[in-house]
2 protein chains.
Amino acid sequence: MGVDPAILDQALDAFAAFLRSKRLKATEQRRTLVRAALEQPGHFTAENLHRAMVREGERVSLATVYRGLSLLEEAGLLEGHDFADGLRRYERALDREHHDHMICVDCRAVVEFQNPQIERLQEAVVKEHGFALHDHSLTLFVTCPGWRERKACERRDQWTRRQRANRR
Amino acid sequence: MGVDPAILDQALDAFAAFLRSKRLKATEQRRTLVRAALEQPGHFTAENLHRAMVREGERVSLATVYRGLSLLEEAGLLEGHDFADGLRRYERALDREHHDHMICVDCRAVVEFQNPQIERLQEAVVKEHGFALHDHSLTLFVTCPGWRERKACERRDQWTRRQRANRR
DNA sequence: ATATCTGCAAATGTTTTGCACTTTT
DNA sequence: AAAAGTGCAAAACATTTGCAGATAT
């Protein structure tokens, strides 16, 4: 459990600079939030993060986590995604290359991929229309072989259980 | 005002067949919903549609519109999108070719585009990973020239007003 | 007759906010 | 001291649901 200390320092510094530039305050909760967010593996929601922090004994409210996540995203430390299930998800962005996502409609596994050709074509499309590309969101909804061939996928049970407990 | 009558008939028939196949009932509200949905220009939300129907004197509840939209999507008459602003949007799908979207982050204008090369590359990526492509969502967030050059865009006022009145 | 629908109001689940109190600057 | 942040509980928001009466098969 732990992030590369160099990355963490870089992140804390970058965030401190961001806060200074906006005349916002460097509070204990915000520093803690940076650390906790970087420790999250893969994609996480506000509640995931809050739970993880509470589990580790931090005293932060969910409201502060929400407010902090917006800030971390604005500062470029995190990237936010909308996977069309009603929950906003975040992932570390600082030391990671850009990528898009494939997500299995059955087991909800998320796989990252990069495709420079697609990126280039997106630029071309935008330019053709006289616009400027600001950002993009590409998600491929797929079915994984586990589910197709064996009607079984370890991840699915976990997911459907979560779905039932916490559906929208 | 008014859809091509041939398209409307085709849609009503297709929907009737869909309902029959699922042993669901062909109610007046559902038929009305098909007509109203096809009349909507571009992308619309559940509330847009409900308002339009009420304006035209129909007596439908918002709940029924929500239930109906799911059905229309399942039947393939409509396509649903998540443009990451917290509202689900729909558009006519029956007589329209597949396309993706470019949306201006300032004025919220939506422009459709098609790019067969991107589609092909998506297939390739998925195949490489041993998955099967089920569906995809590609949205390019752009800035339009109107806003960039003149800091003005007719559409923007409309949008920001809506934002304030109806924000999430 | 029976299964499904509808409208309504209430519930849901995520995210945001107002406010009184703390903490940074 | 002033400005901004925090936790809490309450609000906001889009969407879903339980139920009782209405409608389609």
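The basis for the numbers below is simple: all heavy atoms, side chains too, and nothing from hydrogens, waters or symmetry mates. Since the model is a prediction, treat every value here as computed from it, not as a measurement. In what follows, chains are A, B, ... by sequence order, proteins preceding strands, each numbered from 1.
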Engineer: Looking for any heavy atom pair under 4.0 Å, which part of the strands does B/Arg30 touch: base, sugar-phosphate only, or nothing?
Structural biologist: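 Touches sugar-phosphate only.
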Engineer: I need the CZ-P distance between A/Phe44 and C/dT15, as an integer number of Å.
Structural biologist: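 The answer, rounded to whole Å, is 13 Å.
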Engineer: Give a yes or no on whether a salt bridge exists between B/Glu73 and B/Arg88, defined as a side-chain N under 4.0 angstrom from a carboxylate O.
Structural biologist: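 Yes, B/Glu73 and B/Arg88 are salt-bridged.
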Engineer: Between atom CG in A/Asp82 and atom P in C/dT14, what is the gap in whole Å?
Structural biologist: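 It is 14 Å, rounded to the nearest whole Å.
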Engineer: Report yes or no: do A/Asp100 and A/His136 form a side-chain donor-acceptor pair below 3.5 Å?
Structural biologist: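 The criterion, which ignores hydrogens and geometry beyond distance, is satisfied for A/His136 and A/Asp100.
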Engineer: OH of B/Tyr66 versus P of C/dG7: gap in Å, rounded?
Structural biologist: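 For the pair B/Tyr66 OH and C/dG7 P, the rounded distance is 15 Å.
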Engineer: Can you name the nearest heavy-atom pair linking B/Leu33 to B/Met53, along with the distance?
Structural biologist: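 Where B/Leu33 meets B/Met53 most closely, the heavy atoms are CD1-SD, 3.4 Å.
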Engineer: Can a side chain N or O of A/Gln29 be found less than 4.0 Å away from OP1 or OP2 on D/dG7?
Structural biologist: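 For A/Gln29, the contact criterion (side-chain N or O under 4.0 Å from OP1 or OP2 of D/dG7) is met.
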Engineer: From the list C/dT6, D/dA9, C/dT14, which nucleotide is the closest neighbour of the side chain of A/Ala63?
Structural biologist: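 Looking only at heavy atoms from C-beta outward on A/Ala63, the closest nucleotide is D/dA9.
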Engineer: Measure CG/A/Asp85 against P/D/dA14 and give the value in whole Å, please.
Structural biologist: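 From A/Asp85 CG to D/dA14 P: 19 Å.
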Engineer: Is A/Arg96 salt-bridged to A/Glu112, going by a charged N under 4.0 Å from an acidic O?
Structural biologist: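 Yes, charged N to carboxylate O under 4.0 Å.
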Engineer: List in numerical order all residues of residues 15-28 of chain B for which some heavy atom is under 4.0 Å away from an atom belonging to DNA chain D.
Structural biologist: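 Per residue number, the list reads B/Lys25, B/Ala26.
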Engineer: Return the 5'-most residue of the pair B/Ser70, B/Arg31 with respect to DNA chain D, ranking by each residue's nearest nucleotide.
Structural biologist: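 Here B/Ser70 is the residue nearer the 5' end.
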Engineer: Can you tell me if B/His50 uses its side chain to pair, donor with acceptor, with the backbone of B/Val60 under 3.5 Å?
Structural biologist: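 At least one qualifying donor-acceptor pair exists.
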Engineer: How close or far is atom P of C/dT14 from atom CZ of B/Arg88, stated in whole angstroms?
Structural biologist: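 Distance check: B/Arg88 CZ to C/dT14 P gives 18 Å.
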Engineer: Under 4.0 Å between a side-chain N/O of B/Thr64 and OP1 or OP2 of C/dG7, yes or no?
Structural biologist: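 So the side-chain polar atoms of B/Thr64 do come within 4.0 Å of the phosphate oxygens OP1 or OP2 of C/dG7, strictly under.
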Engineer: Expressed in angstrom and rounded to an integer, what is the separation of B/Leu71 atom CG from C/dT4 atom P?
Structural biologist: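 Taking atom P of C/dT4 as the reference, CG of B/Leu71 is at 13 Å.
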Engineer: Mind calculating the distance between CZ (A/Arg59) and C1' (D/dG7) to the nearest angstrom?
Structural biologist: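 Result: 12 Å.
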Engineer: List the steps, then state whether salt bridge (Lys or Arg N to Asp or Glu O under 4.0 Å) holds for A/Arg51 with A/Glu47.
Structural biologist: CA-CA 6 Å; A/Arg51 275 227 240 279; A/Glu47 190 168 352; 3.0 Å; yes
Engineer: Rounding to a whole Å, what distance do you find between A/Glu47:CD and C/dT16:C1'?
Structural biologist: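 Atom CD in A/Glu47 sits about 16 Å away from atom C1' in C/dT16.
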Engineer: Applying a 4.0 Å non-hydrogen cut-off, can you work out what B/Arg67 is touching in the nucleic acid: base, sugar-phosphate, or nothing?
Structural biologist: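 Since a base atom lies under 4.0 Å of B/Arg67, the category is base.
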Engineer: Checking A/Phe113 against B/His129 for the ring pair (Phe, Tyr, Trp, His ring centres under 6.0 Å) test, could you report, in this order, the C-alpha distance in whole Å, the side-chain angles of both residues, the deciding distance, and whether it holds?
Structural biologist: CA-CA 9 Å; A/Phe113 71 89; B/His129 287 260; 7.0 Å; no
